[in-house]
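Below is one structure; the comments refer to it alone.
Quick note: numbers below take in every heavy atom, side chains included, and nothing from hydrogens, waters or symmetry partners. Order of the sequence lines sets the chain letters (A, B, ...), proteins ahead of strands, with each chain counted from 1.
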Number of protein chains: 2
Amino acid sequence: MHRLRRRADMPDAADPAPMNAPSRRKFRREGEERRRQDLIDATLDSVAEHGLEGATLRTIALRAGVTAGLIRHYFPGKEDLLQEAYAALMGRMTEQAKAALVMENASPRQRLAAFVTANLNAPIIDQRVFSLWATFIGRAGADPTLARAHREGYLGFRNEVEAVVAEVLAAERRKPDANELRHHAIAINAIIDGLWIEGCLAGEMFSPGELAAIGIKAIEAELGLAPEKQFQEK
Amino acid sequence: MHRLRRRADMPDAADPAPMNAPSRRKFRREGEERRRQDLIDATLDSVAEHGLEGATLRTIALRAGVTAGLIRHYFPGKEDLLQEAYAALMGRMTEQAKAALVMENASPRQRLAAFVTANLNAPIIDQRVFSLWATFIGRAGADPTLARAHREGYLGFRNEVEAVVAEVLAAERRKPDANELRHHAIAINAIIDGLWIEGCLAGEMFSPGELAAIGIKAIEAELGLAPEKQFQEK
DNA sequence: AGGCTATTTATACACTTGCACAACAACGCC
DNA sequence: GGCGTTGTTGTGCAAGTGTATAAATAGCCT
């Protein structure tokens, strides 16, 4: 029995109790945005748990608490759903990452340290998010759409880093040229990315705050900042 | 017509030319190791190109120049083939990465620089290898076997880094404690990993050797080494 | 209350997937 | 050369896959 029918099976005289037949699943109508978000979340959950291969429409629908057919009512096809899910993931990641930069009344150096700390702790250090990132980015080589989405996210992130670095160095009365600045941004970005991966894949190997401390020290070394004690973590 | 049959279709009196019927595919018997390697390579190619979802037994077999049924003769199931393919990939990656460390007649610092340079240029900087790495590692969260394989590879790599770092610092008459050494290794590992990703995903944004130069400078800063000019790249 | 309509379910369908197995033929051995 | 072994092919099959579509009903409007 691999097709689950509730009604149309055995068309002639086989149902012993025709009275209770119409039992159809109860449902509620949700708002359009709510449904789309639920479906996207369910998609990300499915991908994180079973990979792209295991994220079938039925699995996704089950997780979202609806039936598979409904997906087609909101998305033209599975590919579109995956695209939107990836876009949503990237949006949340960069949003969270950049949120740590909007600090009032803080020196550039403090803002940089806070940025690094935010990126190297929960919720950005998270195995589920990493799995999603890796699963999607693994297809960037073959899917130009994904590749462009990544490139934009990456450059946006790096530009943020470069801007803070410029402020930090300016506060130190240093005037780096454009290429020097770019190299610093690339290196710092690499440090954050690399530590992020290590934390996501083997978080329990590091004590709380350890990755952030390592990252801040490495970045300060990269920028040639004296490790002043006034910037210890609270 | 969705099933391609060559013989058994239409069992009675439908074949106009029964003479040419037995045309069966010619084949050669390869050695066992050769076949296994070919199948593993075809698997990696398929995964790199279409992701885990697109790597079907038929696709893999087609690429290996055999028919799908043969795979079952060498591997108990698809999952086993994927496991072995991942193991082979990791083996080649770490092998290449460590190969740069076995230099005779070189100072520790030169060996470190060569190690970084090797890891941040072709063939280790390679989009296909990155796609494979990301695709597999994305399932590490759900698959304990993959997670352990990664952990072992990662720790092995980091221990290599730590050993070279110890030599470099020893040559500078510095005696770091164990925790300091560990932090250096983690940071340097992150720098290499981060730059590796950037290079794989957007290699054309960097001029040749640029990533290696950035990496070496960042690592020397992390270790507090004076950027002596005698270590320029040839 | 009762109808309208768009959301939601249920089902159908063509096709794919991993696996099973029988038939076949390439190659070594006598 | 013939023969047996076994690597290899061809084919079948149940369980899914994404998509299409008819049927039902939830909830709003009047």
Side-chain angles (χ1 to χ4, degrees), chain A residues 1-11 15 20-39 42-43 46-47 50-62 64-83, chain B residues 1-11 15 20-39 42-43 46-47 50-83 85:
Chain A
M1 167 195 7
H2 67 285
R3 267 190 206 159
L4 31 129
R5 301 178 183 172
R6 298 201 181 167
R7 303 255 298 282
D9 230 348
M10 303 184 178
D15 201 15
N20 56 359
S23 80
R24 198 188 172 96
R25 177 177 171 155
K26 293 288 184 278
F27 62 91
R28 287 199 323 144
R29 303 178 117 158
E30 299 283 355
E32 163 159 354
E33 270 325 298
R34 169 66 183 273
R35 268 282 189 259
R36 292 179 69 88
Q37 268 311 313
D38 282 352
L39 286 173
T43 303
S46 296
V47 172
H50 310 106
L52 275 175
E53 37 169 356
T56 71
L57 290 182
R58 286 163 180 84
T59 301
I60 294 168
L62 184 66
V66 297
T67 51
L70 185 60
I71 294 181
R72 276 280 313 227
H73 196 259
Y74 287 99
F75 300 91
K78 189 192 181 187
E79 211 55 42
D80 305 81
L81 173 58
L82 286 175
Q83 299 261 11
Chain B
M1 163 194 11
H2 69 286
R3 269 192 204 159
L4 31 130
R5 302 178 182 172
R6 299 200 181 166
R7 304 256 297 282
D9 229 349
M10 302 185 178
D15 201 14
N20 57 357
S23 81
R24 199 189 172 96
R25 177 176 171 159
K26 295 288 182 281
F27 62 92
R28 288 199 322 144
R29 302 178 120 160
E30 299 282 355
E32 163 158 353
E33 270 325 298
R34 170 66 183 274
R35 269 282 190 257
R36 292 179 69 88
Q37 267 311 313
D38 283 351
L39 287 173
T43 302
S46 296
V47 172
H50 308 107
L52 276 175
E53 38 169 355
T56 71
L57 290 183
R58 286 165 179 82
T59 302
I60 293 169
L62 184 67
R63 208 179 265 269
V66 297
T67 50
L70 184 59
I71 294 181
R72 274 279 313 220
H73 196 258
Y74 288 98
F75 301 92
K78 189 192 180 188
E79 211 56 42
D80 304 82
L81 173 57
L82 286 174
Q83 299 260 11

Working to the nearest 0.5 angstrom, can you tell me the gap between [X] [atom1] and [Y] [atom2]?
X       : Y       : atom1 : atom2 : answer
B:Ile60 : B:Arg58 : CD1   : CZ    : 11.5 Å
B:Tyr74 : B:Glu32 : OH    : CD    : 6.0 Å
A:Leu57 : A:Leu62 : CG    : CG    : 12.5 Å

(message) On DNA chain C, compare the nucleotides closest to A:Thr67 and B:Ala55; which residue's is nearer the 5' end?
(response)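 This one resolves to A:Thr67.
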(request) Between B:Gly69 and B:Lys26, just flag the one whose closest nucleotide in DNA chain C comes earlier from the 5' side. (result)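 Of the two residues, B:Gly69 wins.
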(request) Between A:Lys78 and B:Gly65, name the one whose nearest nucleotide on DNA chain D is closer to the 5' end. (result)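 Here B:Gly65 is the residue nearer the 5' end.
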(message) Heavy-atom nearest nucleotide on DNA chain D for A:Pro76 versus A:Gly54: which residue maps closer to 5'?
(response)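 Looking at DNA chain D, the more 5' nearest nucleotide goes with A:Gly54.
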To the nearest Å, give me how far apart [atom1] ([X]) and [atom2] ([N]) are.
X       : N      : atom1 : atom2 : result
B:Phe27 : C:dA23 : CZ    : P     : 16 Å
B:Leu62 : D:dG10 : CG    : P     : 12 Å
B:Leu57 : D:dT8  : CG    : P     : 16 Å
B:Phe75 : D:dT8  : CZ    : P     : 12 Å
A:Ile60 : D:dG18 : CD1   : P     : 7 Å
B:Leu70 : C:dA25 : CG    : C1'   : 14 Å
A:Ile71 : D:dT17 : CD1   : C1'   : 12 Å
A:Glu53 : D:dG18 : CD    : P     : 12 Å

(request) State whether the side chain of B:Thr59 and the backbone N or O of B:Ala55 hold a donor-acceptor pair below 3.5 Å, judged by distance alone. (result)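 The answer is no, because no donor-acceptor pair under 3.5 Å joins these two groups.
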(message) Of the listed nucleotides (D:dT17, C:dT9, D:dT19), which one gets closest to any side-chain atom of A:Thr56?
(response)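 From the listed options, D:dT17 comes nearest.
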Any donor-acceptor N/O pair under 3.5 Å between [N] base and [X] side chain:
X       : N      : result
B:Arg24 : D:dT9  : yes
B:Arg58 : C:dG18 : yes
A:Arg29 : C:dA6  : yes

Is there a side-chain contact between [X] and the phosphate of [N], meaning an N or O under 4.0 Å from OP1 or OP2?
X       : N      : result
B:Arg28 : C:dA26 : no
B:His73 : D:dT8  : no
B:Tyr74 : D:dT8  : yes

(message) Once you apply a heavy-atom cut-off of 4.0 Å, does B:Glu32 come out as touching a base, just sugar-phosphate, or nothing?
(response)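 Result for B:Glu32 = nothing.
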(request) Answer whether the closest heavy-atom distance between the side chains of B:Val66 and B:Asp38 falls below 4.5 Å. (result)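 Side chain of B:Val66 against side chain of B:Asp38, heavy atoms only: no contact under 4.5 Å found.
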